[in-house]
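Everything on this sheet refers to the single structure shown next.
Because the structure is predicted, anything quoted here is derived from the model rather than measured. Any value given below was found using the heavy atoms of this structure, including those in side chains, with hydrogens, waters and symmetry copies removed. Residue numbers count from 1 along this sequence.
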Amino acid sequence: MTQGSKDLILYRLERARETIEEARILANAARWNACVNRLYYACFYAVSTLLVKDGLASSKHTGVRSLFNKHYVKTGKVPKDMARVYNDLFERRQEGDYIDFVLFKETQVIPWICLAEQFIEHITSLVQHESV
């Protein structure tokens, strides 16, 4: 692995951590749709870290999701129930950002914060155990 790849991995892990913190701030302000957006992106940054580690890439979110499911979920590196968090947040973010009149509620979003944090922790442990 090149130094550039290692730097990118560290950068994206930090972006995942920062973005989950942004989600918490938005939750405290009751900005539920924006919070869902940040939760998705926090998970996305973590997943993209795995892809970098293994020399995989996609320029589209759907491509990142597909590579993640193929290389990490189907192989058992990421448990299906944990992967569901990322896949569900992908769908919810699409709805919240692009469909009119979708308004998430506190009771929906609060559990997703903890699940996203657990997801990012798992991905971080995979990345750190196998590379950086």
Side-chain angles (χ1 to χ4, degrees):
M1 180 178 306
T2 68
Q3 186 58 45
S5 293
K6 289 179 182 180
D7 291 344
L8 184 55
I9 287 169
L10 292 173
Y11 170 77
R12 288 191 179 166
L13 286 176
E14 183 57 28
R15 288 285 293 152
R17 289 183 202 103
E18 288 174 359
T19 307
I20 200 82
E21 180 58 30
E22 292 169 0
R24 284 190 212 103
I25 291 166
L26 289 163
N28 288 335
R31 303 290 188 193
W32 306 116
N33 282 35
C35 180
V36 170
N37 175 287
R38 301 317 324 166
L39 290 172
Y40 164 74
Y41 272 99
C43 293
F44 171 80
Y45 293 135
V47 168
S48 67
T49 300
L50 277 178
L51 299 184
V52 170
K53 179 187 72 67
D54 291 333
L56 303 169
S58 176
S59 62
K60 296 184 178 268
H61 287 259
T62 54
V64 168
R65 185 177 174 202
S66 176
L67 289 168
F68 171 71
N69 287 316
K70 179 179 178 183
H71 293 277
Y72 304 99
V73 181
K74 288 185 180 178
T75 62
K77 290 181 181 179
V78 176
K80 288 182 182 180
D81 61 329
M82 187 164 283
R84 192 171 300 116
V85 172
Y86 172 64
N87 287 311
D88 287 350
L89 285 171
F90 174 88
E91 297 296 335
R92 300 300 75 77
R93 197 269 307 186
Q94 292 288 104
E95 292 170 6
D97 286 359
Y98 300 114
I99 298 176
D100 292 330
F101 305 112
V102 171
L103 298 172
F104 294 109
K105 295 179 173 67
E106 177 180 8
T107 56
Q108 293 173 289
V109 178
I110 293 298
W112 295 338
I113 296 171
C114 183
L115 292 171
E117 288 171 336
Q118 292 170 1
F119 178 83
I120 291 166
E121 286 174 22
H122 182 76
I123 299 300
T124 300
S125 69
L126 283 177
V127 170
Q128 290 176 340
H129 179 263
E130 297 180 14
S131 65
V132 184

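The distance from atom CD1 of I110 to atom SG of C35, rounded to the nearest 0.5 Å, is 6.5 Å. Residue T49 holds its OG1 atom at 11.0 Å from CD of E14, rounded to the nearest 0.5 Å. Distance check, rounded to the nearest 0.5 Å: NZ of K105 to CH2 of W32 gives 12.5 Å. Rounding to the nearest 0.5 angstrom, the gap separating the CG atom in L26 from the CG atom in L39 is 9.0 Å. Taking CD of E21 as the reference point, atom OG1 of T19 lies at 10.5 Å (rounded to 0.5 Å). Summarising the geometry, atom CG belonging to N33 is positioned 12.0 Å from atom CZ belonging to R92; distances are rounded to the nearest 0.5 Å.
Residues forming a side chain to side chain donor-acceptor pair (under 3.5 Å) with Y86 (at least two apart in sequence, or on another chain): none. Legend: residues meeting salt bridge (Lys or Arg N to Asp or Glu O under 4.0 Å) with R65, ordered by chain and number and at least two apart, are E91.
Judged by distance alone, the side chain of Y72 and the main-chain N or O of L50 form a donor-acceptor pair under 3.5 Å. For the pair S66 (side chain) and T62 (backbone), a donor-acceptor distance under 3.5 Å is absent. One N or O on the side chain of S125 and one on the backbone of H122 form a donor-acceptor pair closer than 3.5 Å. Between the N37 side chain and the D97 main chain, no donor and acceptor come within less than 3.5 Å of each other.
Hydrophobic clustering, with ILVMFWY side chains joined whenever heavy atoms are under 4.5 angstrom apart, keeps V109 apart from I25. Linking ILVMFWY residues whenever their side-chain heavy atoms come closer than 4.5 Å, directly or via other members, places I99 and F104 in the same cluster.
Each of F68, Y40, F90 was compared with H61 under the ring pair (Phe, Tyr, Trp, His ring centres under 6.0 Å) criterion, and only Y40 meets it.
Closest of all the heavy-atom pairs between C43 and I120 is N-CD1, 4.1 Å. Closest approach of S5 and V52 over heavy atoms only: O-CG1, 3.9 Å. The two residues I123 and A46 make their nearest non-hydrogen contact at CG2-O, 3.2 Å. Of all non-hydrogen atoms in I20 and A42, the two that sit nearest each other are N-CB, 3.8 Å. Heavy-atom minimum distance, S48 versus R12: OG-CD, 3.1 Å. Nearest heavy-atom pair, L103 versus Q108, reported as atom, atom and distance to 0.1 Å: O-OE1, 4.2 Å.
Here the side chains of V47 and F119 are in contact, with some heavy-atom distance below 4.5 Å. You'll find the side chain of M82 stays beyond 4.5 Å of the side chain of E121, heavy atoms only.
Classification of the Y41-F44 ring pair by plane angle, with boundaries at 30° and 60°, yields perpendicular.
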| Going through the checks in order, is the side chain to side chain contact (heavy atoms under 4.5 Å, CB included) test met by N69 and K74? | CA-CA 6 Å; N69 287 316; K74 288 185 180 178; 5.5 Å; no

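Other residues, nucleotides and ligands place no more than 12 heavy atoms under 6.0 Å from the CZ atom of R31.
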